[in-house]
Amino acid sequence: MRMNEPDGTFVIFDLDGVLVDTQDAENGGLAHVGELMGLTLGKERRDELFSGKKMQECLDLLEELAGTPPPLDAMPIARGRCEELIGDWLEPIAGVAHALDRLSAMPGVAGMCVASNSPLELIERRLAKAGLLHHFGGQLFSAYEVEAWKPDPKLFLAAAERSGAAVADCLVIEDSPVGVNAGLDAGMRVLQYTADRAAGAHREGAEVFRSMRDLPELVASAITWSAASPVSTLSAATPERIR
């Protein structure tokens, strides 16, 4: 990963669901804590309760459902179980490794970073397990350090400021409603990744795409758009424009 350039598009990636997929494992870790509290949660219910939320919020939900507080060490229990479910190797999202290789060498890309609701050590560990850590040159930003969790836009704003990128030059790659809202509320352009052909944009203003193999062309389109017209919207070449 080259050092940030003074001008160009700065690409901010979410972690889970965009670079790697650990949501099932994280939800499984929380469901394990729920079992210790007397709750049995099926996959659909745990996905509904936990996906995209910070862990403390999920533990609070478990307490509300069970009517009893979680174990004092609930957070390390959940994270430990999650790591057991992940194992030693974490599969990147299909096509993302190739996309990152191309973006790292693409003229007009000022730099790339990761901004996630996860703790910094988890971001580093999961990127390393997936073989993606080297793409970001240490530019990893955690909500726990900023003390602001998506959908609060402060995480993305802090990532841009600390990376020396103007908000108008930032392009956010997200998959969750909280992340899309955070990016748009930060005043940044947002590309929303989803492999679900039936899914639409979480919010007006997000641009939906279905494959990470399309990402380099979408970023190139955003760079061309930015150079041509800084006040217009993303190029109509974007596969699925949501108005």
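Since we're looking at a predicted model, the values are computed, not measured.
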Discussion item. Determine whether Asp21 and Gln23 satisfy the following criterion, side-chain contact (heavy atoms from CB on, under 4.5 Å), listing intermediate values before the conclusion.
Written reply: CA-CA 6 Å; Asp21 189 359; Gln23 191 67 68; 4.0 Å; yes

Practice prompt. Take atom CD of Glu161 as the centre, draw a 6.0 Å sphere, and report whether it contains more than 12 heavy atoms from other residues, nucleotides or ligands.
Written response: no

Worksheet item: Should Phe156 and Cys170 be marked as a side-chain contact (heavy atoms from CB on, under 4.5 Å) after you check the CA-CA gap, both sets of side-chain angles, and the distance that decides it?
Response: CA-CA 9 Å; Phe156 286 142; Cys170 291; over 6 Å; no

Worksheet item: Taking only residues two or more places apart in sequence or in another chain, which ones pass side chain to side chain contact (heavy atoms under 4.5 Å, CB included) with Val219?
Response: Val11, Leu103, Met106, Val109, Leu171, Leu215, Ile223

Worksheet, complete the sentence: With sequence neighbours left out, the residues meeting ring pair (Phe, Tyr, Trp, His ring centres under 6.0 Å) with Tyr193 are Phe209

Do [X] and [Y] sit within salt-bridge range, that is, some charged N less than 4.0 Å from a carboxylate O?
{"X": "Lys150", "Y": "Glu174", "answer": "yes"}
{"X": "Lys129", "Y": "Glu124", "answer": "no"}
{"X": "Lys43", "Y": "Asp47", "answer": "yes"}

Worksheet item: For Glu121, which residues count as a side chain to side chain donor-acceptor pair (under 3.5 Å) partner, sequence neighbours excluded?
Response: none

Worksheet entry | Heavy-atom closest contact (Ser142 atom, Ser118 atom, distance) | OG-O, 2.7 Å

Discussion item. Looking at every non-hydrogen atom in both residues, tell me the closest pair between Ala159 and Ala115 and how far apart they are.
Written reply: CB-CB, 4.4 Å

Do [X] and [Y] sit in the same hydrophobic cluster, where Ile, Leu, Val, Met, Phe, Trp and Tyr count as joined when their side-chain heavy atoms come under 4.5 Å apart?
{"X": "Phe50", "Y": "Val33", "result": "yes"}
{"X": "Leu122", "Y": "Val146", "result": "no"}
{"X": "Leu85", "Y": "Leu49", "result": "no"}
{"X": "Leu157", "Y": "Trp149", "result": "no"}
{"X": "Leu140", "Y": "Tyr144", "result": "no"}

Drop me the distance from [X]'s [atom1] to [Y]'s [atom2], to the nearest 0.5 angstrom.
{"X": "Arg189", "Y": "Asp169", "atom1": "CZ", "atom2": "CG", "result": "7.0 Å"}
{"X": "His135", "Y": "Leu100", "atom1": "NE2", "atom2": "CG", "result": "4.5 Å"}
{"X": "Ser116", "Y": "Ile12", "atom1": "OG", "atom2": "CD1", "result": "12.5 Å"}

Exercise answer: donor-acceptor pairs, residues 55-76 side-chain atoms, under 3.5 Å, sequence neighbours excluded:
{"unit_1": "Gln56", "atom_1": "NE2", "unit_2": "Asp60", "atom_2": "OD1", "d": "3.0"}

Discussion item. Does Phe13 form a side-chain contact (heavy atoms from CB on, under 4.5 Å) with Met112? I'd like the steps, not just the answer.
Written reply: CA-CA 7 Å; Phe13 287 88; Met112 301 188 294; 3.8 Å; yes

Discussion item. For the backbone of Arg213 and the side chain of Ser211, can you confirm whether one donor and one acceptor N or O come within less than 3.5 Å of each other?
Written reply: yes

Item to complete: Could you tell me whether a side-chain N or O of Ser221 sits under 3.5 Å from a main-chain N or O of Glu217, the two making a donor and an acceptor?
Response: no

Worksheet item: Is it true that the side chains of Asp16 and Thr22 contain a donor and an acceptor less than 3.5 Å apart?
Response: yes

Practice prompt. Among residues two or more places apart or on two chains, list those pairs meeting side-chain hydrogen bond (donor to acceptor under 3.5 Å, both in side chains) that have a residue in residues 85-96.
Written response: Trp89-Glu91

Discussion item. I need the single residue from Arg46, Lys53, Arg126 that forms a salt bridge (Lys or Arg N to Asp or Glu O under 4.0 Å) with Glu26. Which is it?
Written reply: Arg126

Just wondering, do [Y] and [X] contact through their side chains at under 4.5 Å, heavy atoms?
{"X": "Asp14", "Y": "Leu19", "answer": "no"}
{"X": "Leu127", "Y": "Phe136", "answer": "yes"}
{"X": "Asn117", "Y": "Leu155", "answer": "yes"}
{"X": "Glu83", "Y": "Arg79", "answer": "no"}
{"X": "Cys113", "Y": "Phe141", "answer": "yes"}
{"X": "Gln192", "Y": "Glu207", "answer": "no"}

Residues 175-186, side-chain donor-acceptor partners within the protein, below 3.5 Å, at least two apart:
{"unit_1": "Ser176", "atom_1": "OG", "unit_2": "Gly179", "atom_2": "N", "d": "3.1"}
{"unit_1": "Asn181", "atom_1": "OD1", "unit_2": "Arg203", "atom_2": "NH1", "d": "3.3"}
{"unit_1": "Asn181", "atom_1": "ND2", "unit_2": "Pro177", "atom_2": "O", "d": "3.2"}
{"unit_1": "Asp185", "atom_1": "OD1", "unit_2": "Arg203", "atom_2": "NH1", "d": "2.9"}
{"unit_1": "Asp185", "atom_1": "OD1", "unit_2": "Arg203", "atom_2": "NH2", "d": "2.9"}

Item to complete: Apply side-chain contact (heavy atoms from CB on, under 4.5 Å) to Arg197 and Arg210, showing your working.
Response: CA-CA 7 Å; Arg197 294 284 172 184; Arg210 310 292 180 184; 3.4 Å; yes

